[in-house]
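Quick note: residue numbers are just sequence positions, from 1.
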Amino acid sequence: MRKIIGAINMTLDGFCNHEWMIPDEDLHIHFIQLIENADTILYGRVTYLLMENSWLPMISNPTGTYLDQFASALDKIPKIVFSHTLKNLKWGNAKFSKENLPDEVRKLKEQSGGTILAGSRSIIISLMQMGLIDEFQICVHPVIAGSGLPLFENIGQKISLKLQKTKTLGSGAQILFYEPVR
C-alpha cells in the first residue's frame, strides 16, 4: 500500500502562508528531494494555482539558481487537483480528480507506485480527518504571524502523533517528522 505524506510549511504559531515562510536553499532542497521521491502530489484549487502561477513560468524562464531545480521537480511530478470551480490546468501532467477526495485517495493507495504527497492545507486537513495520512512533515518557521489560516482547523477529533525525527534548516526552521499513532 502506498504511503501518503502530508508536507507543509507553517509559522511557529500554527498558520499557513507561503509569504511568511523563510524560502532558503535548505528548504527548497528538502522539498526537491521529497518531490523527487514521490510519484503523485494532491492539491486543492488555491495551492495548485499558487504553485502554477509561481513555478510554471520558471520552467521556460530559468533563474540560474537552485529555484530552477525546485521548479523542475514540481514540473515533473503528476498532480491531481481537487476543485469544483477551477476549469483549466496549465501543467500538462495535472488532472482533475474524477472522484471525491476519500475515494480517489483510497484508490491511489491501493495502486502500485511510490509515495503520494498531500501538498495543500485543505487536502491535509481532510485526509487527517479520514485517518489517511501516514506521515507528516511539518516545517515550522521561526516566525510568529499573529493571524492567518491555521493548519489544524476543524479537525474534530484527537489525533496522536509520534515524533520520528527532526531536521534543522539554516534559517532556523525545523522540519518535524511525525507518524500517527494508530
**Request:** Drop me the distance from Leu149's CG to Ile125's CD1, to the nearest 0.5 angstrom.
**Result:** 8.5 Å
**Asked** Under the 6.0 Å and 45° cation-pi test, does Lys79 pair with Tyr43?
**Response** no
**Asked** Does a side-chain N-to-carboxylate-O contact under 4.0 Å join Lys167 and Asp26?
**Response** no
**Donor-acceptor pair between His30 and Gln137 side chains, under 3.5 angstrom** = yes
**Item:** Sequence neighbours excluded - side-chain hydrogen bond (donor to acceptor under 3.5 Å, both in side chains) pairs with any residue from residues 108-122
**Value:** Thr47-Ser120, Lys109-Asp134, Arg121-Glu153
**Message:** To check you understand the geometry: which heavy-atom pair defines the closest contact between Cys16 and Asn9, and what is its length?
**Reply:** SG-O, 3.7 Å
**Item:** Shortest non-hydrogen separation from Ala118 to Leu127 and the atoms involved
**Value:** CB-CD1, 3.9 Å
**Message:** Donor-acceptor pair, distance only, cut-off 3.5 Å: does the side chain of Asp24 make one with the backbone of Ser171?
**Reply:** yes
**Message:** Measuring from atom CZ of Phe82 to atom CD of Glu104, what distance do you get when rounded to the nearest 0.5 angstrom?
**Reply:** 4.5 Å
**Request:** Evaluate whether atom CG of Asn53 has more than 12 neighbouring non-hydrogen atoms of other residues, nucleotides or ligands under 6.0 angstrom away.
**Result:** yes
**Message:** Quick one: does any side-chain atom of His141 pair with a main-chain N or O of Ile22 as donor and acceptor, under 3.5 Å?
**Reply:** yes
**Message:** Return the CG to CD distance between Leu67 and Glu25, rounded to the nearest 0.5 Å.
**Reply:** 8.5 Å
**Message:** Hydrophobic cluster membership, with links at side-chain heavy-atom distances under 4.5 Å among I/L/V/M/F/W/Y: are Leu176 and Leu117 in one?
**Reply:** no
**Item:** Other residues, nucleotides, ligands: >12 heavy atoms within 6.0 Å of Ile29 CD1
**Value:** yes
**Request:** Enter the distance from Glu19:CD to Leu50:CG here, rounded to the nearest 0.5 Å.
**Result:** 8.5 Å
**Message:** If I compare all heavy atoms of Ile35 with all of Ala73, which pair ends up nearest, and what's the gap?
**Reply:** CG2-O, 3.4 Å
**Fill in**
Value for CG (Asp68) from NE2 (His28), rounded to nearest 0.5 Å, stands at 11.0 Å
**Complete:** Rounding to 0.5 Å, atoms CZ (Arg45) and CZ (Phe96) come to a distance of 11.0 Å
**Prompt:** Can any side-chain N or O of Asp39 pair as donor or acceptor with the backbone N or O of Gly113 at less than 3.5 Å?
**Reply:** no
**Message:** Using side-chain heavy atoms (C-beta onward) and a distance below 4.5 Å, is Leu161 in contact with Phe136?
**Reply:** yes
**Prompt:** Has the side chain of Arg106 got a donor or acceptor atom that lies under 3.5 Å from a matching backbone atom of Leu132?
**Reply:** no
**Under the salt bridge (Lys or Arg N to Asp or Glu O under 4.0 Å) test, residues paired with Glu36 that sit two or more places apart** = none
**Request:** Scan side-chain atoms only and decide if Trp55 and Asp75 contain a donor-acceptor pair under the 3.5 Å cut-off.
**Result:** no
